[in-house]
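These numbers come from a predicted model, not from an experiment. This chain uses plain numbering: 1 for the first residue, then up along the sequence. What's counted below: heavy atoms across the whole structure, side chains too, no hydrogens, waters or symmetry copies.
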Amino acid sequence: MAPIPPPIQVPEPDTAAAGGAPKTRVSARGRLRTYFLTGIIVAGPLAITAYITWWFIALIDSFVKPLVPASYLPDHYLPFSIPGLGLVIAFLAVTLLGFLTANLVGRSVIEFGEVLLARTPVISGLYKGLRQIFETLFSANGTSFRTVGLVEFPVKGTWSVVFLSAPAAHEVEGALRARGAPAEDLVGVFLPCAPNPTTGFFFYLPRAEVVELAISVDDAAKLVMSAGVIQPEDPQGRLNAMAATLRTAQQAGGPVPRREPQDA
């Protein structure tokens, strides 16, 4: 009688291979590196934001609290110091100053103080210059540094992000046209340096050579500070991507991806 052959062993199908690409195993070192980088991405911005906020509050407190009598501060009666109290006092004082300046009495006091400053040789020029800068930057109806554009700099064919300032004064236009400059509208532009947008170059250009961009100043500042890594947000592009994903899911007959509701 012939011996019975052993049963044939059929290999079990690889579920990962049946579904497409083979499943790659990540080592423990790779997982640890991924978790660490994810923690850095989450904790880094929070830590830096908290540090800058705490530094700003401590700076304002160090300037304001010494000006207030100790008997009026809660720190005099408590065994610990209250952070942010100087910031609250400074905010209330500045708001009160704006309220007093808006009426006739406060305006008269401010004008009297400006007359005294105008008669001081060195301080008068410094005060006038700083006041013009603050009025230009923080005015509700001002337009300076609220428009973003592109200019060809430093050579033709290379484009740099700039912030548009005020148009050139008549003296500047007259002097440039006297030297043969084209009779076009000149506008001041500020070209920030990466990654520090507070430094840069300021020059005048014909308005026709500036390509205005429909992005906010905040997005442009992020673009400069990140050296192009953080691109401006495109809400329409996100909507188009969501619509394309929805159409793909409907054509494939799969479940339609749901979008989590956002808090108002």
Q) Tell me, which pairs form a ring pair (Phe, Tyr, Trp, His ring centres under 6.0 Å) where one or both residues lie in residues 194-214, sequence neighbours left out? A) Phe153-Phe203, Phe202-Tyr204
Q) Could you state the interatomic distance from CD1 (Ile57) to CG (Leu85), rounded to the nearest 0.5 Å? A) 11.5 Å
Q: For Leu223, enumerate each residue passing the side chain to side chain contact (heavy atoms under 4.5 Å, CB included) test, keeping only those at least two apart in sequence or located in another chain.
A: Val161, Gln231, Pro232
Q) For Arg31, what residues pass the side chain to side chain contact (heavy atoms under 4.5 Å, CB included) criterion, not counting sequence neighbours? A) Val26, Tyr35
Q: Sort and list the pairs that fulfil salt bridge (charged side-chain N to carboxylate O under 4.0 Å, His left out) and have at least one residue in residues 59-68, not counting sequence neighbours.
A: Lys65-Asp75
(Q) Just verifying a value: how many Å separate Ile60 CD1 and Ile89 CD1, rounded to the nearest 0.5 Å? (A) 12.0 Å
Q: Taking the side chain as every heavy atom from C-beta outward, state whether Pro206 and Leu186 have any pair of such atoms under 4.5 Å apart.
A: yes
Q) Could you state the interatomic distance from CG (Leu191) to OG1 (Thr199), rounded to the nearest 0.5 Å? A) 10.0 Å
**Q.** Glu152: partners by salt bridge (Lys or Arg N to Asp or Glu O under 4.0 Å), with sequence neighbours left out
**A.** Lys156
Q: With sequence neighbours left out, write down each residue that passes side chain to side chain contact (heavy atoms under 4.5 Å, CB included) with Pro66, or none if nothing qualifies.
A: none
Q: Take Trp159 and Val151 through the test side-chain contact (heavy atoms from CB on, under 4.5 Å) and record every step on the way to the result.
A: CA-CA 5 Å; Trp159 296 87; Val151 297; 5.5 Å; no
Q | Closest approach of Val148 to Ser216 (non-hydrogen atoms, all atoms of both residues) | A | CG2-O, 3.8 Å
Q | Nearest-0.5 Å distance that lies between atom OG1 in Thr147 and atom CD1 in Ile215 | A | 11.0 Å
Q) Linking Ile, Leu, Val, Met, Phe, Trp and Tyr through side-chain heavy atoms less than 4.5 Å apart, which residues share a cluster with Ile40? A) Phe36, Leu37
Q. In the hydrophobic clustering that connects Ile, Leu, Val, Met, Phe, Trp and Tyr at side-chain heavy-atom distances below 4.5 Å, which members other than Val155 occupy its cluster, ordered by chain and number?
A. none
(Q) Which residues pass the side chain to side chain contact (heavy atoms under 4.5 Å, CB included) test with Pro195, not counting sequence neighbours? (A) none
Q) Does anything in residues 47-58 pair up under side chain to side chain donor-acceptor pair (under 3.5 Å), and if so which pairs, sequence neighbours excluded? A) none
Q: Kindly give the cluster partners of Phe91, where membership spreads through any ILVMFWY side chain lying under 4.5 Å from a current member.
A: Val88, Leu92
**Q.** Closest heavy-atom pair and its distance - Gly200, Cys193
**A.** CA-SG, 3.6 Å
Q) Looking at OG1 of Thr158 and CG of Leu150, how far apart are the two atoms once the value is rounded to the nearest 0.5 Å? A) 11.0 Å
Q | In one Ile/Leu/Val/Met/Phe/Trp/Tyr side-chain cluster, 4.5 Å: Tyr72, Val64 | A | yes
**Q.** Sequence neighbours excluded, every pair satisfying salt bridge (charged side-chain N to carboxylate O under 4.0 Å, His left out) that has a member inside residues 32-49
**A.** none
Q) Quick one: CG on Leu213 to CZ on Phe163, what's the gap to the nearest 0.5 Å? A) 10.5 Å
